[in-house]
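I have placed the structure first, in the form of structure tokens, so that the comments after it can refer back to it.
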Amino acid sequence: MSTDALCDAPLTEVVASLGRRAVSARELVDAYLDRIERQAGLKAFITVTASHARRQAAAADRRLVRRDSAPLLGAPLAIKDLFMTRGVRTTGGSRILRDFIPRRDAAAVSLLRNAGAITLGKLNMHEFAYGVTSSNPFFGIARNPHDPSRIPGGSSGGSAIAVVAGLCAASIGSDTGGSIRIPAALCGCVGLKPTYGAVPFDGVIPLGWSLDHAGPIARTVSDAALLYAVLTGQPPKPVRRPRGLRIGVLSDRLLRPVERGVAAATERALERLQGAGARLREVALPELSMSVAAQLATLRAEASALHRTWLRSRPRDYGRDVRLRLQLGALAPASDYVLAQRARERLRAGLRRAFEQVDVLALPTTPVTAPLVGERKAPWPSEPVDGALVRLTSPFNLTGAPALSLPCGLAGRLPVGLQLVAPWGAEDLLLGAGRLLEDASK
């Protein structure tokens with residue numbers, strides 16, 4: 001396989017090729033950097049660290065010659081610009097932090113470096129992760145690699161673009177209301193939001209303390225599993241497909257409306273899972289009906305609290321959409337936040353009851369495919385794009401349960417994502433279920 005072709009290969013294949021010295025880390029870094037330059041119009045990156053990556057590649061090649069062992073040795077990755085990187089600016093996608101150069105790495109970045117990963121740069125995102133379009137007013141409008149007239153989703157839009165366009169072997173993102181899973185679904189790759197707290201969030205610019213998660217965005221389920229193991233300090237292991245998997249198909253009102261093409265692709269994916277031996281069962285989770293309001297009240301309060309100093313001293317330095325969200329949150333009564341936490345506990349309890357009946361839940365990741373850049377309304381006139389895109393993902397930020405988005409087909413020419421949700425701490429089961437669909441789709 002040529003070096004350029006390897007840029008489109010899964011992370012596990014990249015690591016294997018480096019390990020048997022079929023390619024050098026330097027050759028691979030140069031190939032990715034060439035692609036990054038050629039695909040600059042997608043606006044996937046805020047900062048490209050070419051010289052730094054080449055130095056890391058030279059060090060990785062010396063270790064590969066010595067037959068050193070590390071799970072990601074020589075693999076070129078890219079980092080969402082919300083994660084602090086020592087000596088490399090970390091903007092959070094904002095003008096406010098345009099010149100901020102951290103003195104330390106985020107814990108997740110340290111884990112990747114310790115595993116031998118090379119970092120190619122920092123990825124574009126919605127400002128301060130507070131939005132789902134990644135139309136960044138300061139660093140460029142990020143564009144979907146399947147159709148540049150459409151959004152990639154967000155807030156980890158650059159992370160998904162970079163993976164799908166072959167600009168890095170894999171990436172990491174953050175997820176407060178769907179920000180890993182939404183771009184994975186809209187761009188056509190795999191995104192894992194682990195159990196709350198499973199991946200350390202230290203050194204990541206927060207948005208909502210009780211909602212923030214960090215996790216991988218990658219080409220395949222095995223790639224996501226490898227990154228998840230590194231990010232949680234575990235030894236990597238093969239993803240095993242579960243037998244007799246019981247899948248709960250959610251039937252609640254929150255799932256409607258859904259674009260016809262999304263519904264059809266989801267239905268075909270469930271049929272493939274059933275053909276692979278899974279048992280499907282319709283499951284009701286009526287507590288989902290309160291999740292949208294609870295997520296909104298929780299996030300608005302926590303985000304506005306985090307940004308209160310800058311919001312008072314330099315409000316005009318925010319992009320208009322993020323400033324408006326923060327200002328609305330600052331006006332919300334404390335009683336809304338308290339009531340949201342009560343609703344949150346009821347949702348957690350309902351989810352626990354659902355997992356007494358099934359092993360995992362299945363539903364679309366997003367009810368629509370990638371909207372056009374600048375589009376404000378989903379295909380039905382009653383729902384704004386922002387609300388539509390987080391409607392099916394945000395409940396699992398509230399609960400903290402692990403959720404995986406993986407490609408399940410196309411609607412028209414645009415990717416559709418299937419979301420699988422598992423009990424807290426059951427990432428192995430979740431990834432195994434994803435692998436079951438992945439294999440059944442080949």
Query raised in the report: Side chains of T369 and E259: do they bring a donor and an acceptor to under 3.5 Å?
Result: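 Result is yes, a qualifying pair exists.
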Query raised in the report: Is the closest side-chain donor-acceptor distance between E127 and S94 under 3.5 Å?
Result: yes
Query raised in the report: What are the two closest non-hydrogen atoms of W209 and E302, and how far apart are they?
Result: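 Smallest heavy-atom distance, with atoms named: N-OE1, 2.9 Å.
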Requested in this report: Determine the minimum heavy-atom distance between V164 and P145, stating which atoms define it.
Outcome: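 Heavy atoms only, the tightest pair is CG1-CG, 3.7 Å.
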Closer than 4.0 angstrom, basic N to acidic O: yes or no for [X] and [Y]?
{"X": "R62", "Y": "D68", "value": "no"}
{"X": "R35", "Y": "D4", "value": "yes"}
{"X": "R353", "Y": "E287", "value": "yes"}

Report task. Please test K80 against S174 for side chain to side chain donor-acceptor pair (under 3.5 Å), starting from the C-alpha separation and ending with a verdict. Result -> CA-CA 8 Å; K80 183 178 183 178; S174 67; 2.7 Å; yes
Query - Contacts of T298 that satisfy side-chain hydrogen bond (donor to acceptor under 3.5 Å, both in side chains) - sequence neighbours left out - result: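 So T298 forms a side-chain hydrogen bond (donor to acceptor under 3.5 Å, both in side chains) with Q341.
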Report task. Run the ring-centre check on H307 versus Y130 and record whether the distance is less than 6.0 Å. Result -> no
Report task. Please step through side chain to side chain contact (heavy atoms under 4.5 Å, CB included) for the pair I180 and T393, ending with a clear verdict. Result -> CA-CA 10 Å; I180 286 172; T393 54; over 6 Å; no
Exercise answer: donor-acceptor pairs, residues 262-277 side-chain atoms, under 3.5 Å, sequence neighbours excluded:
| from | atom 1 | to | atom 2 | distance (Å) |
| --- | --- | --- | --- | --- |
| T266 | OG1 | V262 | O | 2.8 |
| R272 | NE | S441 | OG | 3.0 |
| R272 | NH2 | C408 | O | 3.1 |

